[in-house]
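Structure first, then comments.
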Amino acid sequence: MRSWVYAAMLLFVLVATLPLEIFLRTRVYARARRLGAVLLCVAPPFILWDVLATRAGQWSFDLSQTWGVEVIGLPVEELMFFVVVPIASIMTLEAVRAVRGWTVGDEPGERR
């Protein structure tokens, strides 16, 4: 059961932020191209940093708390972390924007 700890935490983060998409209409998932662009900017540098730090022995992962599947030397859950956390962050930002009424110039129907 301990092998599901990391994955369960990531799932909890996604499930906990999903109501923001539904009830506040943040449209994070609806704008797939934009979300993909953000993930392409965020994930690669942090994954590289994580790989290099792990190989240098600066930190490691408790494999008893992961599935034990590694890709490029990192547990697959660690790679998922770099997708889940940015999604949750964007979702939170968009939720705050929705509640506070903040605009940034990308609102539907706005001319450029």
Indicate if [X] and [Y] have the same hydrophobic cluster label, given that clusters are the connected sets of ILVMFWY residues with side-chain heavy-atom separations under 4.5 angstrom.
X: V42; Y: L48; value: no
X: V51; Y: V69; value: yes
X: L14; Y: V38; value: yes
X: L40; Y: L35; value: no

Original post:
Atom CZ of R31 and atom OH of Y29: how far apart are they, to the nearest 0.5 Å?
Top reply: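 Going from the CZ atom of R31 to the OH atom of Y29 covers 13.0 Å.
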**OP:** Considering non-hydrogen atoms only, spot the tightest contact between T26 and A95 and give its length.
**Re:** CG2-N, 3.6 Å
Original post:
Who pairs with R2 by salt bridge (charged side-chain N to carboxylate O under 4.0 Å, His left out), at least two apart in sequence or on another chain?
Top reply: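 For R2 the salt bridge (charged side-chain N to carboxylate O under 4.0 Å, His left out) partners, ignoring immediate neighbours, are D62.
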Original post:
Tracing side-chain links under 4.5 Å among I, L, V, M, F, W and Y, which residues wind up in one group with V96?
Top reply: W102
**OP:** May I ask you to list the residues sharing a hydrophobic cluster with V5, side-chain cutoff 4.5 Å, ordered by chain and number?
**Re:** none
Subject >> Contact check, side chains of I47 and I72, non-hydrogen atoms, under 4.5 Å >> reply: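 The answer is yes; the side chains approach within 4.5 Å.
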**OP:** Mind jotting down which residue pairs meet the salt bridge (Lys or Arg N to Asp or Glu O under 4.0 Å) criterion with at least one end in residues 10-21? Sequence neighbours excluded, please.
**Re:**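 Qualifying pairs: none.
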Would you mind writing out the side-chain donor-acceptor pairs for residues 75-93 within the sub-3.5 Å range, not counting sequence neighbours?
residue: E77; atom: OE2; partner: W67; partner atom: N; Å: 2.6
residue: E78; atom: OE1; partner: Y6; partner atom: OH; Å: 2.3
residue: S89; atom: OG; partner: V85; partner atom: O; Å: 2.9
residue: T92; atom: OG1; partner: A88; partner atom: O; Å: 2.8

Subject >> Set of side chain to side chain donor-acceptor pair (under 3.5 Å) partners for R97, sequence neighbours left out >> reply: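 Side chain to side chain donor-acceptor pair (under 3.5 Å) list for R97, sorted by chain: E94, D106, E107.
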Subject >> Contacts of type side chain to side chain donor-acceptor pair (under 3.5 Å), residue R100, not counting sequence neighbours >> reply: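 R100 satisfies side chain to side chain donor-acceptor pair (under 3.5 Å) with no other residue.
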Original post:
Does atom CZ of F46 have more than 12 heavy-atom neighbours, drawn from other residues, nucleotides or ligands, at distances under 6.0 Å?
Top reply: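 At most 12 heavy atoms, drawn from other residues, nucleotides or ligands, come within 6.0 Å of this atom.
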Original post:
Mind checking what makes side-chain contact (heavy atoms from CB on, under 4.5 Å) contact with W59, not counting sequence neighbours?
Top reply: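 With sequence neighbours excluded, W59 shows a side-chain contact (heavy atoms from CB on, under 4.5 Å) to W49, D50, A53, T54, F61, given in chain and number order.
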